[in-house]
Amino acid sequence: MEGLNPLVLNRIEKMKALKREGVNPFANDFQVTHATRDILEEFQDKTDEDLEKIKTRFSLAGRIMSIRDFGRAFFLHVQDRTGRIQAYIRQDKIGKDNFKISKMLDAGDFIGIIGKPFRTKSKELTIMVEEIRLLTKALRPLPEKWHGLVDIETRYRQRYLDLIVNPGVKEVFYKRTRIIQLLRDFLNKRDFLEVETPMMQSIPGGATARPFKTYHNTLNMDLYLRIAPELYLKRLVIGGFERVYEINRNFRNEGMSTQHNPEFTMLEFYQSYATYQDFMNLTEEMLTCIAKTFFDGFKFEYQGVELDFTPPWSRITMKDAIVKYGELNEGDVEIEEKLLEYAKGSGLQIDKKMGLGSIQNQIFEKVVEPKLLQPTFITNYPTDISPLSRRNDKNPQEVDRFELFVCGREIANAFSELNDPIDQKQRFLEEISQREVSDDDSGILDKDFIDALEYGMPPTAGEGIGIDRLVMLFTNVASIRDVILFPQLKSRR
RNA sequence: GGGCCGUUAACUCAGUAGGUAGAGUAUCUGCCUUUUAAGCAGAGAGCCGCUGGUUCAAGUCCAGCACGGCCCA
């Protein structure tokens with residue numbers, strides 16, 4: 001059915017014609033010596049006299065992005081992983097027969113060229129081609145050369161096209177990788193050990209979210225894609241890996257938006273003998289290190305908001321934040337009736353079963369979060385919404401926990417870990433009893449984890465950072481789909 | 001789940017008041033050996049997202065569906 005497209009048919013005809021001329025349209029014997037960037041960097045600033053003295057020949061390969069034909073000569077731009085360079089092909093340089101073949105090239109084809117750089121009248125550094133080879137014939141045409149590929153759906157479904165023609169897209173994904181490298185370097189330097197823990201778990205734990213369910217035939221058992229690695233990483237801390245981290249995928253079977261993809265990448269790290277207070281400092285260091293790398297300073301813009309990452313970042317308790325940003329009377333944050341009244345006034349629907357902590361959290365999310373533009377640590381979370389966090393020594397209704405917000409979004413979540421197995425078991429049971437009846441096993445107590453805690457987990461702090469959102473922040477991108485190479489979409493059928 | 005918007009040539013987009021579909025790029029044919037959004041002359045190219053309805057007549061109006069985007073829950 002695709003064969004009906006005349007553009008494709010035309011290229012297939014060219015391919016056949018090339019074969020008749022003895023050209024392999026999928027050749028695999030071309031040696032590359034240089035990338036376009038090598039040549040541009042080395043010769044960009046050289047004088048024409050210097051260029052004429054060049055004796056060596058440069059061999060490079062890439063995809064033809066455009067062709068400008070002049071009859072017995074033509075220009076093209078060739079693109080490789082490092083950039084683009086212009087090439088000039090003349091009949092009198094490569095010979096009549098070769099020239100005839102090279103005129104059958106199309107934008108989109110991969111070629112190898114050998115030649116040396118010169119500068120054209122319009123001062124563009126260009127390769128004077130002495131030898132040109134077709135390496136791969138492209139049977140479909142590229143999207144348009146000036147507007148690029150605009151259609152968002154096609155950009156996501158055929159990301160390869162997006163990457164070929166929209167240079168900014170590659171940039172985002174280069175940066176994404178760079179950010180992850182920086183995080184790894186940062187943790188490795190501090191003696192953290194990178195590990196991998198199960199993605200397929202028989203009891204999905206470590207967060208509250210609906211899991212994806214799957215089935216193992218041989219073991220004859222249900223399995224769940226993990227919603228968090230937390231409980232396994234803690235087992236490793238118990239096992240003596242005092243500093244561990246994992247950067248990997250989590251899966252949550254929930255709504256999708258510009259902030260949510262069903263699979264997303266999370267950094268979780270744990271450090272024994274540290275506290276959530278230590279981690280606030282660590283987080284400042286970690287993220288300013290990225291900011292400095294990309295913006296050589298602490299200030300940068302995200303979607304029109306001028307951000308200032310100069311430490312120290314403000315630290316405020318959840319209750320104080322509600323009072324401050326929600327304009328509540330100080331005493332009212334502790335009084336359930338006052339809060340319910342306030343919540344109603346803000347258009348929040350509060351479930352009657354909710355405890356004080358949940359109500360505070362709901363109000364916080366609705367009223368305070370959107371106002372936290374500059375990096376802000378929120379501390380002293382209510383215990384009843386923090387089932388894995390250590391209780392505060394002075395006030396057991398609160399836990400030793402913080403979340404970091406930037407531009408109204410949660411960037412990090414950290415706490416001193418609960419290592420009292422009896423308290424942990426109790427809190428799991430409470431959490432399970434509060435949960436709606438569900439058809440999955442997400443409400444099952446992970447007894448093995450409790451057993452592990454009973455062997456003793458040293459005092460430890462742990463933190464999770466959503467990588468996708470972090471990358472969005474540093475690449476100034478509004479949708480999570482623009483920092484994930486293949487975001488989830490409905491199938492077209 | 002709800003609201004609004006979009007879907008027309010390979011790509012980017014027009015399409016009046018309902019009257020049998022248009023441009024640029026790309027492609028093809030000529031001319032052209034320093035162009036770069038190369039240029040000049042000519043040609044071909046369409047399931048107007050899908051299904052139904054209204055109408056003498058639907059890309060256009062109506063309904064449903066699909067996919068996508070943004071906002072809300």
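Naming convention: chains lettered A, B, ... in sequence-line order (proteins, then strands); numbering from 1 in each chain.
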| query | Roughly how far apart, to the nearest Å, are U16(B) and G49(B) at atom P? | reply | 14 Å
| Expressed in whole Å, how much space separates the P atoms belonging to U25(B) and U20(B)? | 26 Å
| Does any donor atom in the side chain of Gln303(A) or Asn476(A) lie under 3.5 Å from an acceptor atom in the other side chain? | yes
| query | Has Arg157(A) got a side-chain N or O lying under 4.0 Å from the OP1 or OP2 atom of G68(B)? | reply | yes
| Hey, does Lys123(A) reach any base, or is it just sugar-phosphate, or nothing, if we go heavy atoms under 4.0 Å? | nothing
| remark: Here the distance between atom C1' of C28(B) and atom CE of Met104(A), to the nearest Å, is 15 Å
| query | Atom CG of Leu125(A) to atom P of U34(B): distance rounded to whole Å? | reply | 18 Å
| message | Salt bridge or not between Asp468(A) and Arg176(A)? Use side-chain N to carboxylate O under 4.0 Å. | response | yes
| task | Using the C1' atoms only, state how far C5(B) lies from A9(B), rounded to an integer number of Å. | result | 24 Å
| Separation of Ile152(A) atom CD1 from C13(B) atom P, in whole Å? | 10 Å
| Nearest-Å distance once atom P is located in both A63(B) and A26(B) | 41 Å
| query | NA contact type, Gly255(A), heavy-atom cut-off 4.0 Å: base, sugar-phosphate, or nothing? | reply | nothing
| Side chains of Asp482(A) and Ser479(A): do they bring a donor and an acceptor to under 3.5 Å? | no
| Salt-bridge criterion met for Arg37(A) and Asp80(A) (N-O under 4.0 Å) | no
| query | Using a cut-off of 4.0 Å on non-hydrogen atoms, how would the nucleic acid contact of Thr258(A) be classed: base, sugar-phosphate, or nothing? | reply | sugar-phosphate
| message | As a test of reading the structure: which of C70(B), C67(B), C13(B) is closest to the side chain of Val150(A), going by heavy atoms? | response | C13(B)
| said: Quick check against the 3.5 Å criterion: does Lys46(A) have a side-chain atom that pairs as donor or acceptor with the backbone of Glu42(A)? | reply: yes
| task | Give a yes or no answer on whether the side chain of Tyr342(A) reaches the backbone of Gly326(A) with a donor-acceptor pair at less than 3.5 Å. | result | yes
| task | Without swapping roles, check the side chain of Tyr224(A) against the backbone of Met199(A) for a donor-acceptor pair under 3.5 Å. | result | no
| Which of the following nucleotides, U35(B), C11(B), A10(B), is nearest to the side chain of Glu124(A)? | U35(B)
Under 3.5 Å, which N/O atoms of the protein pair with N/O atoms of nucleotides 25-27 of chain B?
| unit_1 | atom_1 | unit_2 | atom_2 | d |
| --- | --- | --- | --- | --- |
| A26(B) | OP1 | Lys145(A) | NZ | 2.8 |
| U27(B) | O3' | Asn10(A) | OD1 | 3.3 |

| field | Within 45° cone and under 6.0 Å: Arg133(A) NZ/CZ vs Phe30(A) ring | value | no
| request: For RNA chain B, determine which residues of residues 81-91 of chain A have any heavy atom closer than 4.0 angstrom to one of its atoms, and list them numerically. | output: Gln86(A), Tyr88(A), Arg90(A)
| field | Length of the CD-P vector between Glu254(A) and G1(B), whole Å | value | 15 Å
| Between Gln488(A) and Arg68(A), who's closer to the 5' end of RNA chain B by nearest nucleotide? | Arg68(A)
| What interatomic distance, in whole Å, is found between C1' of C67(B) and the corresponding atom of G44(B)? | 31 Å
| request: For U54(B) and U12(B), measure between their C1' atoms and round to the nearest Å. | output: 34 Å
| field | Glu369(A) side chain vs Glu410(A) backbone, donor-acceptor pair below 3.5 Å | value | no
| said: Between U55(B) and C61(B), how many Å separate the two C1' atoms, rounded to a whole number? | reply: 10 Å
| query | Between CD of Glu21(A) and CG of Leu134(A), what distance do you get to the nearest 0.5 Å? | reply | 12.5 Å
| query | The side chain of His147(A) lies closest to which of these nucleotides: U12(B), G69(B), U33(B)? | reply | U12(B)
| Any idea which of A73(B), C67(B), U33(B) is nearest the Lys366(A) side chain? | A73(B)
| request: Grab the CG-C1' distance between Leu149(A) and G68(B) for me, whole Å please. | output: 13 Å
| task | Using atom CD of Glu52(A) as one end and atom C1' of U34(B) as the other, report the distance to the nearest whole Å. | result | 14 Å
| query | Are Glu131(A) and Arg57(A) ion-paired here, with the side-chain N under 4.0 Å from a carboxylate O? | reply | no
| Upstream residue (5' side of RNA chain B) when Lys490(A) and Met256(A) are each assigned their closest nucleotide | Lys490(A)
| query | Can Ser386(A) and Arg401(A) be counted as having a side-chain donor-acceptor contact under 3.5 angstrom? | reply | yes
| query | Looking at U33(B), does its base get a donor-acceptor pair with the side chain of Arg72(A) below 3.5 Å? | reply | no
| message | Work out how far the P atom of G30(B) is from that of A23(B), and round it to whole angstrom. | response | 23 Å
| field | Criterion side chain to side chain donor-acceptor pair (under 3.5 Å) against Lys319(A), the qualifying member of Glu398(A), Gln360(A), Glu330(A) | value | Glu398(A)
| When all nucleic acid strands are considered with a 4.0 Å heavy-atom cut-off, which category describes Asp69(A): base, sugar-phosphate, or nothing? | base
| said: For Arg159(A), is there an ion pair with Asp162(A) - N to carboxylate O distance below 4.0 angstrom? | reply: yes
| request: Pick base, sugar-phosphate or nothing for Phe74(A), based on heavy-atom distances below 4.0 Å to the nucleic acid. | output: nothing
| field | Range-with-range stems for RNA chain B, at least three Watson-Crick or G-U pairs under 3.5 Å | value | B:1-7 with B:66-72, B:10-13 with B:22-25, B:27-31 with B:39-43, B:49-53 with B:61-65
| query | Within this structure, what is the CD1-to-P distance between Ile164(A) and A10(B), rounded to whole angstrom? | reply | 18 Å
| request: Measure the distance from CG on Asn166(A) to P on U12(B) and round it to the nearest whole Å. | output: 10 Å
| query | With respect to the side chain of Thr120(A), which nucleotide from C70(B), C32(B), U35(B) is positioned closest? | reply | U35(B)
| message | Aromatic contact between Phe364(A) and Phe405(A), with the criterion being ring centroids under 6.0 Å apart: yes or no? | response | yes
| message | Taking 5.5 Å and 30° as the limits, would you call Phe75(A) and the base of U35(B) a stacked pair? | response | yes
| request: Answer with base, sugar-phosphate or nothing: what part of the nucleic acid does Arg155(A) contact at a heavy-atom distance below 4.0 Å? | output: nothing
